[in-house]
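What follows is one structure encoded as structure tokens, with my remarks underneath.
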Amino acid sequence: MGNVRVRFAPSPTGYLHIGGARTALFNWLWARKNEGSFILRIEDTDLKRSREEALGSILDSLRWLGLDWDEGPEKGGPAGPYFQSERIELYRQHAERLLASGRAYHCYCSPEELTERREAMRREGKAPRYDRRCRDLTPEERRALESAGRRSALRLKVPDTGTTVVRDVIRGQVSFDNSSMDDIVIMKSDGMPTYNFACVVDDATMGITHVIRGEEHLSNTPKQLQIYEALDLRPPVFAHVPMILAPDRSKLSKRHGATAVEEFREDGYLPEALVNYLALLGWSPEGGEEIIGRAQMIEQFDLDRISKTAAIYDIKKLTWINGHYLREADLEVVVDLMLPRLKRRGLADESQRGYLRDVIVAVRTRVRTLTELEDAVSYYFTDDFPYEEKGSRKYLLKDGVADLLREAAQCLAAVPDDHFTVEGTERAYRQLIADLGITGGKLIHPTRMALTGRTVGPGIFDVISLLGKRRVLERLNKAIDWVEAQREEP
RNA sequence: GGCCCCAUGGUCGAGUGGUUAAGACACGGGCCUUUCAAGCCCGAGACGGGGGUUCAAUUCCCCCUGGGGUCACCA
């Protein structure tokens, strides 16, 4: 597969969306698989919409996902510059060529006029099209328009007969009637190129071999093909990947919860999990693996295994995958990820690193995201937690529970400090259970409520040994007081 | 509306002219167990409809329906 060069070309108008992230991922995978180059190009020709912060955010997201680019912003490369706004001269040259060869012409219609005419046509029930009125202007007419101060855009002369066929690796051949194509604008009157034109010029001059992009671009492709043709340039291989839809089959938007990569990060998802999930959305490895690491992904990735159908994204599966990676992740990595989160909540700091490590080991099979982990870990770092309503009714506010907890406290108080371990405390508790002639649950459930405020969590002796004797006794006594106070009132 | 794309369980998806139509998430049940998870086992659940082609269509063709995309001096 020769020297593969692919690109991801976001416009800096917002955050990196999961759809864009997946497109970037597929490009990256294809480059890595073929030992080619993954190029990042910024499509900032729309002065009105481009924003400075958006660029940083997109770069951060890509870095976080581990999609490193070989050429592009902050990196440079032989095909630069990588910002379209810095390539204007190049577009002008190419436009000039088209003008010289008679494939392009000046159009003096103003955007307002065009919009007006379009709407008029629509009202008449006709397909809104450009009437090509500037196509055959005489030099005199042009001079007149120009001296009247009219600014002009450049349009491509698109043949009005014949068909343009897009050869797409995942969709086969798709034909479009040229007669349904407008004479597209290639240079705006402000001197900036339009998307389709800049895209073609850049892909061609950057030596892009494969254009892997979202399906929404499929209908742009015949226009681009016309530009390639007019410029006498060879088009790349196209691969239009299916869209990612929201659960209600509509286009993904903010009202469907997290859609930006940054949000997933904030919500406690791991990059490897998101990458794994995104890879599976529209592509599947031959062996059908669901959990697939980067290296394996690169090895197995292939354009011809990308599906044609739009996919609805399902946060449940992402969450499941994340849980898997969270459990498998290197413990120190998880600790590093958690420390800032706990710090932010005022729960822990660097000095508790060792303790945090032990706590994470105890709880991490029970959570699926870092955010869930924050919560699962909270009562190990603060005594200030509520007793879950349902749990306290079931385990705390029953007859004899206060006395039972008193026994429990006494029992654990008697365990020597150096035996206050999982084994040591369990031995003591089992003895107490036997002495009282009750089942284990009778003692364990109220204990869990007293120590954690919850009905669920790690094995109770893990909790006990983790918290340590002092805090266990304090919490037990606190619970006893609370139970008695509650039972007096109502 | 014109043009274009798509159509396998709730979701992601494998698959093929002849299969008991994979697997995963979610769901239900069980095992384990002090709880919840994790893990393991089991279960329910799909080829949108109608015509063709064929000995045989989920698979190939056409139509319909449904969904999506796109119709800018946005990208």
Side-chain angles (χ1 to χ4, degrees), chain A residues 9-13 43-46 48-50 84 107 109-111 114-115 118 122 125-130 151-155 166 168 170-172 174-177 179-182 184-196 198-199 214-222 240 242-243 245 247 249-251 277 280-291 305 307-321 323-324 327 363-368 376 391 395 426 429 433 439-445 447-449 452 454-461:
Chain A
S11 63
T13 52
E43 310 220 328
D44 57 351
T45 54
D46 185 349
K48 291 188 271 295
R49 297 202 310 159
S50 293
Q84 289 189 328
C107 171
C109 305
S110 71
L114 291 167
T115 310
R118 240 193 324 268
R122 226 189 282 270
K126 286 193 282 205
R129 308 206 39 212
Y130 172 61
R151 312 227 303 162
S152 70
L154 244 42
R155 285 185 186 269
V166 177
D168 186 286
I170 63 195
R171 272 151 226 286
V174 185
S175 315
F176 296 82
D177 277 342
S179 62
S180 66
M181 236 182 285
D182 265 338
I184 55 172
V185 171
I186 56 174
M187 292 293 278
K188 307 181 224 174
S189 55
D190 66 0
M192 294 298 262
T194 57
Y195 163 72
N196 284 121
C199 183
E215 191 188 344
E216 68 269 26
H217 289 288
L218 185 56
S219 47
N220 271 323
T221 311
H240 288 94
M243 311 250 323
L245 268 27
R249 302 209 118 270
S250 70
K251 201 167 178 174
Y277 177 69
L280 259 27
L281 219 50
W283 171 76
S284 63
E286 217 170 331
E289 300 83 345
E290 305 288 337
I291 298 294
R305 288 193 65 85
S307 80
K308 299 162 152 51
T309 25
I312 292 173
Y313 107 103
D314 176 17
I315 189 114
K316 292 240 185 73
K317 184 155 183 176
L318 201 213
T319 304
W320 170 75
I321 290 177
H324 170 86
R327 286 190 293 279
V363 303
R364 81 160 148 177
T365 58
R366 275 156 262 263
V367 299
R368 285 131 38 194
Y395 300 120
E426 173 154 19
Y429 243 42
I433 287 162
T439 58
K442 273 271 178 287
L443 178 61
I444 288 170
H445 292 306
T447 303
R448 174 174 285 105
M449 278 303 299
T452 72
R454 314 175 181 204
T455 58
V456 304
I460 194 63
F461 303 107

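Here is how names work: the chains are called A, B, and so on, in the same order as the sequence lines, proteins then strands, and each is numbered from 1.
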A/Met243 CE to B/rU11 P, in whole Å, measures 17 Å

Residues passing the side-chain hydrogen bond (donor to acceptor under 3.5 Å, both in side chains) test with A/Asp314, sequence neighbours excluded, are none

From the candidates B/rC25, B/rA37, B/rG69, the one with an atom nearest any side-chain atom of A/Thr365 is B/rA37

Does B/rU70 have OP1 or OP2 under 4.0 Å away from a side-chain N or O of A/Lys251? yes

Of the candidates B/rA38, B/rA7, B/rA75, the side chain of A/Glu43 sits closest to B/rA75

Between A/Arg129 and B/rG2, does any side-chain N or O lie under 4.0 Å from OP1 or OP2?
no

Considering only heavy side-chain atoms of A/Ala311, the closest of B/rA37, B/rG13, B/rA26 is B/rG13

To the nearest angstrom, the CZ-P distance between A/Arg364 and B/rG39 comes to 13 Å

Practice task
Could you give me the CA-CA distance, side-chain angles and deciding distance for A/Thr447 and A/Tyr429, then say whether side chain to side chain donor-acceptor pair (under 3.5 Å) is met?
Solution key: CA-CA 11 Å; A/Thr447 303; A/Tyr429 243 42; 2.7 Å; yes

- Between A/Glu290 and A/Lys317, is there a salt bridge with N-O shorter than 4.0 Å? yes

note: A/Asp177, atom CG; B/rC3, atom C1'; distance rounded to Å ~ 9 Å

Looking at A/Arg171 and B/rC5, is any side-chain donor or acceptor paired with a base atom of the opposite kind under 3.5 Å?
no

Checklist entry - Does B/rA72 have OP1 or OP2 sitting under 4.0 Å from an N or O in the side chain of A/Lys188? => result no

Atom CD1 of A/Ile321 and atom P of B/rG23 are separated, to the nearest Å, by 18 Å

(message) Is it the case that B/rU35 (base atoms only) and A/Arg454 (side chain only) share a donor and an acceptor within less than 3.5 Å, ignoring hydrogens and angles?
(response) no

Of the listed B/rG13, B/rC4, B/rG39, the closest approach to the A/Thr309 side chain comes from B/rG13

Considering only heavy side-chain atoms of A/Glu215, the closest of B/rG68, B/rU35, B/rA26 is B/rG68

The residue, A/Ile312 or A/Arg368, whose nearest nucleotide of RNA chain B is more 5′ is A/Ile312

Testing B/rC12, B/rU35, B/rG39 for proximity to the side chain of A/Lys317, the answer is B/rC12

The nucleotide from B/rA24, B/rA37, B/rC73 with an atom nearest the side chain of A/Trp320 is B/rA24

